[in-house]
Amino acid sequence: MSKKKVLVTGIVPKEGLTKLMAECDVTYSEGEPFTRDYVLEHLGEYDAWLLMGQKGDREMLDAGKKLEIISLNAVGFDHVDTEYAKSKGITVSNSPQAVRVPTAEMTFSLLLAATKRLSFYDKVVRNGEWIDPSERRYQGLTLEGATLGIYGMGRIGSTVAGFAKAFGMKVLYHDVYRLPEEKEAELGVEYVTFDELVETADVVTIHAPLLPSTKHKFNKEVFQKMKNRSYLVNAARGPIVSEEDLIEAIKTGQIAGAGLDVFEFEPNVAEELRALDNVIMAPHAGTGTIEGRRTLAEEAADNILSYFAGQPVNVVNK
Ligand SMILES: NC(=O)c1ccc[n+]([C@@H]2O[C@H](COP(=O)([O-])OP(=O)(O)OC[C@H]3O[C@@H](n4cnc5c(N)ncnc54)[C@H](O)[C@@H]3O)[C@@H](O)[C@H]2O)c1
């Protein structure tokens with residue numbers, strides 16, 4: 001039987017594709033990633049697409065004439081028209097395990113950097129300047145005894161909760177689903193309404209998916225409810241936060257600062273946001289570790305192998 005043909009787009013570490021390459025006929029670019037035009041022209045020849053760095057929109061899906069499975073090198077799937085894929089009989093799988101720890105670590109790094117004012121302090125020292133940290137306007141937040149509010153208590157949210165407990169934080173969460181009581185006790189977390197979460201937390205971290213119901217969930221009204229000394233950390237998806245309202249909230253002292261791995265109009269980041277000293281930013285690098293990228297590629301490749309073995313896993317458009 002001829003081998004299944006797999007197209008890999010984006011920059012994916014080759015060592016994560018070893019098994020896939022042994023069992024399938026894999027097209028993979030070691031140099032520049034394939035362009036959208038290249039993918040549109042060639043996708044029709046492939047049975048599977050390991051998708052990174054491209055959108056799985058209608059035009060792309062129409063081009064994938066023989067496509068049976070799209071495996072995403074990511075957990076978020078807001079860049080793929082999953083329903084349209086389903087209507088065409090294309091299975092879409094995501095890769096939830098590999099992203100969990102690196103993204104939770106990035107979230108906590110941003111939380112630490114924002115609350116400890118690291119971006120500002122670093123700039124001061126680099127500029128050959130000095131400040132007196134006994135002045136209140138230069139001070140950050142002690143985490144021990146502070147309250148973390150987690151929005152979206154899934155895989156990444158629960159991992160962040162564990163880190164926060166190690167720092168002695170009290171952890172509240174809000175989600176569309178409440179965890180079973182035993183799980184809440186095991187994690188040491190308390191379920192609250194969305195309003196209670198934003199009104200009480202000293203730091204809010206976002207871990208919900210981007211959906212019509214979560215777009216601009218964090219807006220002017222919400223920032224008005226947050227404490228003046230509180231911080232927002234977003235390592236989920238940019239459009240969950242209204243960037244314009246966030247800038248206003250920080251500039252007017254409605255909240256104390258933010259840690260952002262994701263932005264509303266990536267890769268463009270508003271100049272006003274970039275000018276703020278109390279914002280620490282990363283270029284959507286939540287999974288940007290060597291181990292993270294390798295295991296992510298392995299998980300995405302395994303999705304394809306499981307599918308062709310008749311046992312699809314991590315399917316997001318059943
Ligand atoms: N920055 C990065 O590089 C990076 C990496 C991985 C994941 N992410 C983002 O992080 C998100 C979370 O990942 P995960 O693996 O923890 O996903 P998950 O599915 O395990 O958890 C998401 C949680 O959000 C909850 N949720 C859904 N809708 C909600 C709503 N309207 N209000 C409150 N909660 C809601 C779900 O019930 C679930 O508990 C992903 O959707 C993705 O967008 C970002």
Side-chain angles (χ1 to χ4, degrees), residues 76 78-79 103-104 106-123 137-141 143 146-153 156-157 160 164 172-175 192-286:
D78 44 278
H79 55 309
T103 310
M106 173 60 89
T107 305
F108 218 80
S109 303
L110 291 170
L111 182 158
L112 283 166
T115 58
K116 301 297 153 196
R117 312 287 311 267
L118 282 186
S119 175
F120 168 63
Y121 289 167
D122 182 71
K123 198 169 151 191
R137 65 190 165 126
Y138 297 137
Q139 295 165 355
L141 174 80
L143 297 183
T147 300
L148 173 64
I150 294 183
Y151 177 67
M153 188 59 107
I156 297 171
V160 169
L172 307 178
Y173 78 99
H174 181 74
D175 195 296
V192 291
T193 63
F194 181 74
D195 279 355
E196 265 179 276
L197 187 90
V198 294
E199 282 164 9
T200 326
D202 298 298
V203 185
V204 173
T205 61
I206 304 177
H207 307 290
L210 175 60
L211 302 166
S213 61
T214 59
K215 183 165 185 211
H216 283 190
K217 180 78 182 173
F218 287 80
N219 54 33
K220 195 175 175 177
E221 287 72 43
V222 171
F223 296 131
Q224 277 163 359
K225 290 177 185 160
M226 288 175 69
K227 295 184 195 173
N228 293 152
R229 279 198 64 203
S230 68
Y231 294 82
L232 181 75
V233 176
N234 186 9
R237 285 289 181 266
I240 298 174
V241 176
S242 160
E243 201 157 281
E244 192 186 344
D245 292 356
L246 175 67
I247 293 167
E248 189 62 18
I250 296 174
K251 278 172 77 174
T252 57
Q254 195 67 53
I255 67 169
L260 306 170
D261 183 43
V262 290
F263 301 88
E264 189 168 357
F265 307 105
E266 279 171 33
N268 299 317
V269 179
E271 207 177 321
E272 275 184 288
L273 193 59
R274 288 189 273 129
L276 294 170
D277 275 337
N278 39 2
V279 176
I280 174 101
M281 296 178 274
H284 201 145

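- Interatomic distance, L246 CG to Q254 CD, rounded to the nearest 0.5 Å: 11.5 Å.
- For the residue pair Q139 and R117, the shortest heavy atom distance occurs at O-NH1, 3.4 Å.
- The distance from atom CD1 of I280 to atom OH of Y231, rounded to the nearest 0.5 Å, is 12.0 Å.
- Pairs of residues two or more places apart, or lying in two chains, that qualify as salt bridge (charged side-chain N to carboxylate O under 4.0 Å, His left out) and include a residue from residues 246-258 are K251-E272.
- Partners of H216 under the side chain to side chain donor-acceptor pair (under 3.5 Å) rule, at least two apart in sequence or in another chain, are E264.
- You'll find the side chain of T107 stays beyond 4.5 Å of the side chain of D261, heavy atoms only.
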**Message:** Could you go through L112 and L143, starting from their C-alpha distance and side-chain angles, then the distance that decides it, and tell me whether this counts as side chain to side chain contact (heavy atoms under 4.5 Å, CB included)?
**Reply:** CA-CA 9 Å; L112 283 166; L143 297 183; 3.6 Å; yes

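- Applying the 6.0 Å contact sphere to NZ of K215 captures no more than 12 heavy atoms from other residues, nucleotides or ligands.
- Interatomic distance, CD of Q224 versus OG1 of T252, reported as 8.5 Å (0.5 Å rounding).
- Summarising the local packing, CD of E199 is surrounded by more than 12 heavy atoms from other residues, nucleotides or ligands at distances under 6.0 Å.
- The residues D202 and R229 are annotated as not salt-bridged, no charged nitrogen and carboxylate oxygen being separated by less than 4.0 angstrom.
- Not one N or O on the side chain of T214 forms a donor-acceptor pair closer than 3.5 Å with the backbone of K217.
- Atom OG1 of residue T103 and atom CD1 of residue I156 lie 4.0 Å apart, to the nearest 0.5 angstrom.
- The line from CG of L172 to OG1 of T147 is 5.5 Å long, rounded to the nearest 0.5 Å.
- Put simply, the residue from V241, V233, L273, V269 that forms a side chain to side chain contact (heavy atoms under 4.5 Å, CB included) with L260 is L273.
- With sequence neighbours left out, N278 forms a side chain to side chain donor-acceptor pair (under 3.5 Å) with no residue at all.
- With hydrogens and angles ignored, the 3.5 Å screen pairs a side-chain donor or acceptor of H174 with a backbone N or O of V192.
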**Message:** Quick one, V204 with M226, criterion side chain to side chain contact (heavy atoms under 4.5 Å, CB included). Give me CA distance, side-chain angles, the key distance, then yes/no.
**Reply:** CA-CA 9 Å; V204 173; M226 288 175 69; 3.9 Å; yes

**Message:** Is there a side chain to side chain contact (heavy atoms under 4.5 Å, CB included) between F218 and N234? Walk through the geometry before answering.
**Reply:** CA-CA 10 Å; F218 287 80; N234 186 9; over 6 Å; no

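- With respect to K225, the side chain to side chain contact (heavy atoms under 4.5 Å, CB included) criterion is satisfied by exactly one of V198, L197, T200: V198.
- Residues A201 and G149 share a closest heavy-atom pair of CB-N, 3.6 Å.
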**Request:** Give the C-alpha distance, both sets of side-chain angles, the deciding distance and a yes or no for side chain to side chain contact (heavy atoms under 4.5 Å, CB included) between F263 and M281.
**Result:** CA-CA 9 Å; F263 301 88; M281 296 178 274; 3.7 Å; yes

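- Among all heavy-atom pairs drawn from V279 and S119, the shortest one is O-OG, 3.5 Å.
- Under the 3.5 Å distance criterion, the side-chain polar atoms of K227 are left unmatched by any main-chain donor or acceptor of I255.
- Residue A236 comes nearest to A208 through the heavy atom pair CB-O, 3.5 Å, listed as atom of the first residue, atom of the second, then distance.
- Residues S242 and F223 approach most closely at O-CE1, 4.3 Å, considering heavy atoms.
- Between Y138 and F120, the ring planes lie parallel to each other; the angle is under 30°, not in the 30° to 60° tilted range.
- Residue M106 holds its CE atom at 13.0 Å from CG of L111, rounded to the nearest 0.5 Å.
- Between A270 and E243, the closest heavy-atom pair is N-OE2, 3.6 Å.
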